[in-house]
Amino acid sequence: MIGVGKIKQYSNVLDKPLSKGKQEVSLSAFAFLFSELVQYNQTQVDNIAELERSRLEDAGYAVGARVLELLCHRDKGNRRETRLLGILSFVHSTVWKVLFGKVADSLEKGTEHEDEYMISEKELLVNRFISIPKDMGTFNCGAFVAGIVRGVLDGAGFPAVVTAHFVPVEGQQRPRTTILIKFAEEVLRREARLG
């Protein structure tokens with residue numbers, strides 16, 4: 001056969017290389033699946049706090065752990081960040097870009113506490129197509145993204161409490177979503193030791 005290249009046969013799916021492939025998912029498909037995830041979990045809980053913290057955040061945590069594993073293997077040659085600002089920059093730029101197609105709007109250090117950092121997004125994808133009934137109060141689907149961030153940080157060795165909050169913006173109908181990251185004491189001690 002002239003002009004036909006050799007096709008490498010893989011005996012096992014685990015032997016195939018991890019190519020980047022097509023990295024986009026249809027927005028309507030994602031919105032539908034995420035809506036179903038929220039609706040299903042809503043029927044399994046008694047209150048909004050349990051839905052946010054026990055269900056959506058836990059689902060996001062599993063995604064975050066896998067995203068970290070994939071990105072470290074694919075982009076970093078199995079190396080991981082060891083410094084606080086390095087991992088925050090990795091989450092703010094690399095992880096956010098892989099998940100949402102763009103870098104997060106801002107990464108800020110908290111002014112009141114030394115161990116707090118905030119990632120802000122003007123219009124977080126998981127909140128874009130969600131309409132919240134009045135009886136659900138301040139329900140924030142950003143808890144899923146907070147879980148992803150917590151999964152990435154825990155997997156990288158930076159334990160933290162991560163929560164999602166709405167922050168009203170003057171002149172805009174929809175509030176901005178802020179992911180608040182409060183690192184464990186051990187992370188701050190290790191960072192001080194590394195100098």
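From a predicted model like this one, the values you see are computed outputs, not experimental measurements. Below, all heavy atoms of this structure are taken into account, side chains as well, without hydrogens, waters or symmetry copies.
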Give the table of side-chain donor-acceptor pairs shorter than 3.5 Å for residues 146-171, with sequence neighbours excluded, one pair per line with atom names and distance.
| unit_1 | atom_1 | unit_2 | atom_2 | d |
| --- | --- | --- | --- | --- |
| Arg150 | NE | Glu57 | OE2 | 3.1 |
| Asp154 | OD2 | Tyr61 | OH | 3.2 |
| Thr163 | OG1 | His165 | NE2 | 2.7 |

Sidechain-backbone polar pair: Ser89 side chain, Gly86 backbone, donor-acceptor under 3.5 Å = no

Does Cys141 offer a backbone N or O that forms a donor-acceptor pair with the side chain of Asn127 under 3.5 Å?
-> yes

Flag yes if more than 12 heavy atoms outside [X] fall under 6.0 Å of its [atom1] atom; otherwise flag no.
| X | atom1 | value |
| --- | --- | --- |
| Glu114 | CD | no |
| Lys122 | NZ | no |
| Lys102 | NZ | yes |

Could you give me the CA-CA distance, side-chain angles and deciding distance for Val38 and Phe139, then say whether side chain to side chain contact (heavy atoms under 4.5 Å, CB included) is met?
-> CA-CA 11 Å; Val38 172; Phe139 172 64; 4.1 Å; yes

How many angstroms lie between atom CD of Glu81 and atom CG of Leu68, to the nearest 0.5 angstrom?
-> 10.0 Å

Would you sort out whether Leu88 and Phe183 count as a side chain to side chain contact (heavy atoms under 4.5 Å, CB included), showing the intermediate values?
-> CA-CA 11 Å; Leu88 285 170; Phe183 286 101; 3.8 Å; yes

Given the rule that I, L, V, M, F, W and Y join up when any side-chain heavy atoms are under 4.5 Å apart, are Leu180 and Ile48 in one cluster?
-> no

Charged N to carboxylate O below 4.0 Å: is that the case for Glu121 and Arg128?
-> no

Can we say Arg55 and Glu50 salt-bridge, meaning some charged N sits less than 4.0 Å from an Asp/Glu carboxylate O?
-> no

